J.: 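Quick one: structure below, then a few questions.
Quantities reported herein were computed from a predicted structural model and do not represent experimental measurements. Chain identifiers are assigned alphabetically (A, B, ...) following the order of the sequence lines, protein sequences preceding nucleic acid strands; residue numbering begins at 1 within each chain.
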Protein chains: 2
Amino acid sequence: MFKTEAEFLKAYNKNEFDRPSITVDIVVFSVSSGEAENWRKLSQKKMSVLLVKRDTFPFKNKWCLPGGFLKMDETLDEAAKRVLLNETNMKNIYLEQLYTFSDLKRDPRMRVVSTAYVALIDKNKYEEVAKAASWYKINLNIENNLYSFVLENEKEKLVFKVKKEGDHFVSVDSELAFDHDLVIAYALNRIKNKLEYTNIVFSLMPEYFTLGELQQVYEVILGKKLLDPAFRRVIANKVVKTDKVKKGGGHRPSVLYKFKDD
Amino acid sequence: MFKTEAEFLKAYNKNEFDRPSITVDIVVFSVSSGEAENWRKLSQKKMSVLLVKRDTFPFKNKWCLPGGFLKMDETLDEAAKRVLLNETNMKNIYLEQLYTFSDLKRDPRMRVVSTAYVALIDKNKYEEVAKAASWYKINLNIENNLYSFVLENEKEKLVFKVKKEGDHFVSVDSELAFDHDLVIAYALNRIKNKLEYTNIVFSLMPEYFTLGELQQVYEVILGKKLLDPAFRRVIANKVVKTDKVKKGGGHRPSVLYKFKDD
DNA sequence: TGAATAGTGTCTGTGAGACAATATTAT
DNA sequence: ATAATATTGTCTCACAGACACTATTCA
């Protein structure tokens, strides 16, 4: 029929088939310090996720992940960076493709396939976040395979539950827009798994941090207490001691460390 | 503007924006036993990947991964299963979403975003494969961050090289169609990483196997020799001894094991 | 008998878990 | 002085690496 590839391409009808839309959604995590019980105690750290309030249909006034449509002249990675920059003014941060979600009914408007990304930041570097965006602290309770999330704010609480079935999550009940309950569950899971064998934690930390703070972040992501000496042994070769210290609590001051990038 | 979500949806123009096409591509791996040097020796196992020859433009007569366009009424998972069934007659096999590739020029026809899947099978269960499909044994040489692949067949050799940069691969040189060099590199990497902390190996094995055979598969995927006693200790609790044995080599017969599914 | 794989025993060093002990601060 | 965290020391146990040794088959 066609002799050359050039000839074929010229005659090709791009619009022969109907196509889904493609979006990117981004799960932006950071660690926020909650309130301390008293002046002596350390403030309790929690994982936080950035949500935006939808101001249009569908799901008007519901909260969802920052996201947007993929443009024809950008890759998914580029789209993710663009969204992040637009909605949160964040640049040069840890960004990783998570998973592509394609359920038929995930968007009531039309067929939308969405590639989700995870971003990790030290939230204190980006105090101002887009008008409609807000940090929610994550409280997660796991019983058997039921993951109960409570995302909370100074103003609001959002609840959702997902069930883990093998490697997948299934929605049980959600107050978020779209299937973003699943996306968050999936994302947290990914981060948890990668914690041990990568250096992603440091994306959540400021330049200088104490080992206590670092350990708290580990504990918050893994959802369990770690033993101090064991943690220090393991982390020792990823980290360099500085000559700075953090004083001020009613207890022994703590040496500040930096990430050791080999 | 709109009072209710229903009202909004009714007026929504789905075709306001131009959209990329979406495809799925599948990296089907299996382990094939090569030739033995002599009757006494065990046959050398290799990872194999299933390729199909393109019979139309673009990339006419080039080899590529089995794949196809996503239909409007199916999820990506379903599309992957459909492709697998069509092209290879395979059903109920291990299938996992790998990554979504979105480079602007990956398909010369038009903008195509492709979600890649990995499938693992015991190739002996599926002797007949679609007409245009063929198994290629994978030879991989890694030097620093340069991964040199040679895929070989009874008839043909396909060569490609990719560079690993952080978590990503970059094409250096490829005889395959599209960006399927990257997809294969990415897939092999994923399998290698998951080998230790999952049970995916057993998807590559027949129901009954010897520990020697299992060890060979590990060695082939990891690209290094393992010590027998250590391997047996680690694998012991994932496996049950049967009362069958495998005789026939000029050496002590080997007990056949089964996967222990808890 | 000999080449080849199957399978076991054991020594050693590393590293995680557990817990105890010491150090230092602000009030 | 006290409550709280910071930091180090050390004992034990599990386990991986290394290597040696035994077992069994079939041309």
Side-chain angles (χ1 to χ4, degrees), chain A residues 31 33-45 195-197 205-206 208-220 222-258 260, chain B residues 31 33-45 195-197 205-206 208-220 222-258 260:
Chain A
V31 176
S33 20
E35 293 307 305
E37 289 172 31
N38 68 54
W39 67 273
R40 232 189 252 276
K41 287 231 180 187
L42 286 180
S43 72
Q44 202 52 50
K45 292 204 187 311
L195 200 58
E196 346 172 349
Y197 66 93
M205 306 300 295
Y208 296 96
F209 49 84
T210 71
L211 293 187
E213 288 164 351
L214 186 58
Q215 184 173 343
Q216 272 195 57
V217 175
Y218 266 84
E219 290 175 344
V220 136
L222 296 177
K224 64 178 179 191
K225 283 277 165 209
L226 303 176
L227 293 171
D228 300 4
F231 178 76
R232 279 159 182 267
R233 272 191 307 238
V234 173
I235 211 71
N237 47 10
K238 293 187 176 179
V239 116
V240 263
K241 195 182 267 193
T242 70
D243 52 4
K244 298 184 172 61
V245 290
K246 187 187 182 187
K247 292 191 170 204
H251 48 76
R252 175 168 171 180
S254 183
V255 174
L256 287 166
Y257 286 75
K258 285 176 73 169
K260 187 207 281 176
Chain B
V31 175
S33 18
E35 293 308 306
E37 288 173 32
N38 67 53
W39 68 274
R40 232 185 252 275
K41 288 231 180 186
L42 285 181
S43 72
Q44 204 50 48
K45 290 203 189 313
L195 200 59
E196 347 173 346
Y197 66 93
M205 306 300 295
Y208 297 96
F209 49 84
T210 71
L211 293 187
E213 288 164 350
L214 185 59
Q215 186 174 339
Q216 273 196 57
V217 174
Y218 266 83
E219 291 175 341
V220 138
L222 295 178
K224 64 178 179 190
K225 283 278 166 208
L226 303 176
L227 293 171
D228 300 4
F231 178 76
R232 279 158 184 269
R233 272 190 307 237
V234 174
I235 212 70
N237 48 11
K238 291 187 176 179
V239 114
V240 263
K241 195 183 263 193
T242 70
D243 51 4
K244 298 184 173 57
V245 291
K246 186 187 181 187
K247 292 191 169 200
H251 50 74
R252 175 168 171 180
S254 182
V255 174
L256 287 166
Y257 285 75
K258 286 175 71 169
K260 187 208 277 176

J.: According to side-chain contact (heavy atoms from CB on, under 4.5 Å), who are the partners of B:V234, at least two apart in sequence or on a separate chain?
T.: none

J.: Using the salt bridge (Lys or Arg N to Asp or Glu O under 4.0 Å) rule, collect all pairs that involve residues 245-256 of chain B, keeping only residues at least two apart or in two chains.
T.: B:E213-B:K246

J.: Can you list everything that forms a ring pair (Phe, Tyr, Trp, His ring centres under 6.0 Å) with A:F231? Sequence neighbours excluded, please.
T.: A:Y218

J.: Please name all residues satisfying side-chain contact (heavy atoms from CB on, under 4.5 Å) with A:V31, sequence neighbours left out, ordered by chain then number.
T.: A:K45, A:M47, A:L204, A:V217

J.: Run the salt bridge (Lys or Arg N to Asp or Glu O under 4.0 Å) test against A:K225 and tell me which residues pass, sequence neighbours left out.
T.: A:E219

J.: For nucleotides 3-10 of chain D, just jot down a letter per nucleotide in 5' to 3' order: B, S or -, based on protein non-hydrogen atoms under 4.0 Å.
T.: BBBBBBBB

J.: Would you mind reading off the distance between B:K224 atom NZ and D:dA16 atom P, rounded to a whole angstrom?
T.: 13 Å

J.: With each end axis built from five pairs of C1' atoms, what bend angle do you get for the helix from C:dT1-D:dA27 to C:dT27-D:dA1? Round to 10°.
T.: 10°

J.: Roughly how far apart are B:I235 CD1 and B:L211 CG, rounded to 0.5 Å?
T.: 8.0 Å

J.: Mind checking side-chain contact (heavy atoms from CB on, under 4.5 Å) for B:K258 and listing every partner two or more places apart, or none if nothing turns up?
T.: B:E207, B:Y208, B:V240, B:T242

J.: Apply side chain to side chain contact (heavy atoms under 4.5 Å, CB included) to residues A:L256 and A:V245 and explain how you reach the verdict.
T.: CA-CA 5 Å; A:L256 287 166; A:V245 290; 5.8 Å; no

J.: Can you list, in residue-number order, the parts of residues 242-249 of chain A that come under 4.0 Å of DNA chain C, counting heavy atoms only?
T.: A:G248, A:G249

J.: Give every residue pair that meets the salt bridge (Lys or Arg N to Asp or Glu O under 4.0 Å) criterion with at least one member in residues 226-240 of chain A, sequence neighbours excluded.
T.: none

J.: Check B:K244, B:K241, B:M205 against B:Y257 for a side chain to side chain contact (heavy atoms under 4.5 Å, CB included) and give me the one that passes.
T.: B:K241

J.: Side-chain polar contacts of residues 37-44 of chain B - donor-acceptor pairs under 3.5 angstrom, sequence neighbours left out - could you list them?
T.:
{"unit_1": "B:N38", "atom_1": "OD1", "unit_2": "B:R40", "atom_2": "N", "d": "2.7"}
{"unit_1": "B:N38", "atom_1": "OD1", "unit_2": "B:K41", "atom_2": "N", "d": "3.1"}
{"unit_1": "B:R40", "atom_1": "NH1", "unit_2": "B:G250", "atom_2": "O", "d": "3.1"}

J.: What is the 5' to 3' range of DNA chain C, first to last nucleotide, that sits under 4.0 Å from any heavy atom of chain A?
T.: C:dA16 to C:dT27

